[in-house]
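Side chains included, hydrogens not; waters and symmetry mates left out as well; all remaining heavy atoms used.
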Number of protein chains: 2
Amino acid sequence: MPQLPAFDVMTATCPSRTSLARIANKWTAMVVIALSADRMRFRDLRTTVDGISAKVLTETLRDLERDGIVIRHVYAEIPPRVEYELTALGRTLHAPLQALGLWAEEHFADVLAARESYDARQ
Amino acid sequence: MPQLPAFDVMTATCPSRTSLARIANKWTAMVVIALSADRMRFRDLRTTVDGISAKVLTETLRDLERDGIVIRHVYAEIPPRVEYELTALGRTLHAPLQALGLWAEEHFADVLAARESYDARQ
DNA sequence: GATGGCTTGTTACCGATGGTAAGTGTAAGG
DNA sequence: CCTTACACTTACCATCGGTAACAAGCCATC
């Protein structure tokens, strides 16, 4: 009953690969994880996604908006207020990206140990 | 009973973020997905992960080896034979990355529609 | 009325990364 | 002795990620 995937990311010319390239990205992952809790304004995203620059956050959000993963709510106020929210499509992305983030947190000790061992061998 | 994560990828200085940066990458995702089926030699990986260059594949595999996700088996033969295999740690990465690939394949039609709608608005 | 602050960006710039194309080394086969 | 096979290297260029400074518009303060 689940439709078979009509696309194959392993094929270079398959358009689904452009989609994979966008979501397989650390900034995308962190922004989507942050927004899955609640809609947020630009400034709050900058503090939640620690270390992201205004430029990169703007670009990431524009790309996610273009791909239908995020909606942008602009309020005509002074100072300006812009809120970002996951779409229904964006919410389907939460579980996979959250899993990636959790993997990084849970397995980093192993990764670190492997790195030290590797570097010692070289 | 599950240990609480001692690391937080949302913190810029947290070392787990370097780990997230590595796995949240399209080439990493495709190589791990390819290797999850079976161990493979370099040349077969190049054809399975369609479109990857020798240089990028070499770098990706070196990084994955350093992080303990892949093991490299070198056979002293002519012409050379090198096989790559997921470690136990690498196999724990399969499910999250496979989920990402499936998302890209299953939702690309939505992404494409959103893109066309966005571009028409601008 | 000039100054500075608030917020959401934009611009200029530069170093790092991703990507292509060609070359390297070794030994068997013709 | 020239080609082929394989797993890389190297040189080189384009694109991306990242920093720092500035723009716009109104308010409050000095």
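Look at CG on Asp50(B): it is 11 Å from P on dT20(C), rounded to the nearest Å. Taking atom NZ on Lys26(B) and atom C1' on dG18(C), their separation rounds to 8 Å, with Å as the unit. Separating the CG atom of Leu57(B) from the P atom of dC6(D) is a distance of 15 Å, rounded to the nearest angstrom. In this structure, Lys55(A) places its NZ atom 13 Å from C1' of dG9(C), rounding to the nearest Å.
When side chains are defined from C-beta on, Met40(B) does not count as touching Val49(B), because their heavy atoms never get closer than 4.5 Å.
Note on Tyr84(A): a side-chain N or O is less than 4.0 Å away from OP1 or OP2 of dG9(C). Taking 4.0 angstrom as the limit, Arg41(A) places none of its side-chain polar atoms (N or O) nearer than this to OP1 or OP2 of dT7(C). Within the structure, every side-chain polar atom (N or O) of Arg43(B) is placed at least 4.0 Å from both OP1 and OP2 of dT4(D). Considering only side-chain N and O atoms, Arg46(A) lies nowhere under 4.0 angstrom from the phosphate OP1 or OP2 of dT8(C).
Nearest-nucleotide positions on DNA chain D place Trp27(A) closer to the 5' end than the other of Ile78(A) and Trp27(A). Residue-to-nucleotide proximity on DNA chain D shows that, of Arg81(B) and Gly51(A), the 5′-proximal contact is made by Arg81(B).
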- Take Arg41(A) and Tyr84(A) through the side-chain hydrogen bond (donor to acceptor under 3.5 Å, both in side chains) test and state the conclusion after the steps. CA-CA 6 Å; Arg41(A) 356 187 0 178; Tyr84(A) 294 91; over 6 Å; no

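Within 6.0 Å of CZ on Arg81(A) lie more than 12 heavy atoms contributed by other residues, nucleotides or ligands.
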